[in-house]
Amino acid sequence: MVKISISDETGGLEGAYKSRLRKIAGTALKNLGLPSATELSLSFVNDRRMRELNREWRKIDRATDVLSFPQSGGPDYTLLGDIVISIDTAKRQSVKYGNTLHDEIKKLIVHGILHLLG
């Protein structure tokens, strides 16, 4: 069974919504053919925290929408890695691209997963 943990540093995601996000990520992992023992971490932060992470890990001093931190590679991808999403940036992008916030978050989850897979 795929294990997806969610951390919400913004405090704005309700429990039921976190369950929906787990299902979205799980479906993406399954559709990509990843094993059922795959583990993934999703973290939701604000722009201030995302800017700190982007500056620390990429040496770019601004917020971004999504960062991916792979944990292991190879043929089994058991411990896939961590995806960090800025809710603030996702909100702005949803308006810019005419998406709902939910659709933007779904897109960023899949985008992050694809980065983890290389």
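Values in this document were obtained by computation on a predicted structure and should not be read as measured data.
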**Asked** Would you find a donor on one side and an acceptor on the other, under 3.5 Å apart, between the side chain of Ser68 and the backbone of Gly112?
**Response** yes
**Prompt:** Does a sphere of radius 6.0 Å around NZ in Lys3 hold more than 12 heavy atoms from other residues, nucleotides or ligands, not counting ones at 6.0 Å or beyond?
**Reply:** no
**Asked** Under a 4.5 Å side-chain heavy-atom rule over Ile, Leu, Val, Met, Phe, Trp and Tyr, are Ile4 and Val84 clustered together?
**Response** no
**Request:** Determine whether Val2 and Leu34 make a side-chain contact, defined as any pair of heavy atoms from C-beta on separated by less than 4.5 Å.
**Result:** no
**Message:** Looking at Arg62 and Asp47, is any side-chain nitrogen of the basic one under 4.0 Å from a carboxylate oxygen of the acidic one?
**Reply:** no
**Item:** Spatial distance of atom CG (Leu29) from atom CG (Leu117) [nearest 0.5 Å]
**Value:** 8.0 Å
**Message:** When you group the ILVMFWY residues by side-chain heavy-atom contacts below 4.5 Å and let the links chain together, are Ile113 and Phe44 in the same group?
**Reply:** yes
**Prompt:** Quick one: do Trp57 and Ile83 end up in the same hydrophobic cluster if we chain Ile, Leu, Val, Met, Phe, Trp and Tyr together by side-chain heavy atoms under 4.5 Å apart?
**Reply:** no
**Asked** Roughly how far apart are Ile105 CD1 and His111 NE2, rounded to 0.5 Å?
**Response** 14.5 Å
**Request:** Over all heavy atoms of both residues, which pair between Thr10 and Asn46 is shortest? Give the atoms and the distance, please.
**Result:** CG2-N, 3.8 Å
**Asked** Between CZ of Arg48 and OG of Ser86, what distance do you get to the nearest 0.5 Å?
**Response** 11.5 Å
**Message:** Restricting to non-hydrogen atoms, name the atom on Met50 and the atom on Thr64 that form the minimum distance, rounded to 0.1 Å.
**Reply:** CG-O, 3.1 Å
**Complete:** Heavy-atom closest pair (Thr100 atom, Asp103 atom, distance to 0.1 Å) is OG1-N, 3.0 Å
**Prompt:** Could you give the distance from OG1 (Thr78) to CD (Gln71), rounded to the nearest 0.5 Å?
**Reply:** 12.5 Å
**Request:** Give every residue pair that meets the side chain to side chain donor-acceptor pair (under 3.5 Å) criterion with at least one member in residues 18-32, sequence neighbours excluded.
**Result:** Arg20-His102
**Complete:** Sorted by chain and residue number, the salt bridge (charged side-chain N to carboxylate O under 4.0 Å, His left out) partners of Asp88 (sequence neighbours excluded) come out as none
**Request:** Would you give the length of the straight line joining atom CD of Glu56 to atom CG of Leu67, rounded to the nearest 0.5 angstrom?
**Result:** 10.5 Å
**Approximate separation, where rounding is to 0.5 Å, of Leu32 CG and Leu114 CG** = 6.0 Å
**same_hphob_cluster(Ile60, Val45) at 4.5 Å side-chain heavy-atom cutoff** = no
**Prompt:** Any link between Leu53 and Leu42 through a network of hydrophobic side chains (Ile, Leu, Val, Met, Phe, Trp, Tyr) touching at under 4.5 Å?
**Reply:** no
**Item:** Minimal non-hydrogen separation, Leu40 against Ala25, with atom names
**Value:** CD2-CB, 4.1 Å
**Request:** With sequence neighbours excluded, tell me which residues meet side-chain contact (heavy atoms from CB on, under 4.5 Å) with Asp65.
**Result:** Thr89, Gln93, Leu108
**Item:** Residues Glu52, Arg55: salt bridge by 4.0 Å N-O rule
**Value:** no
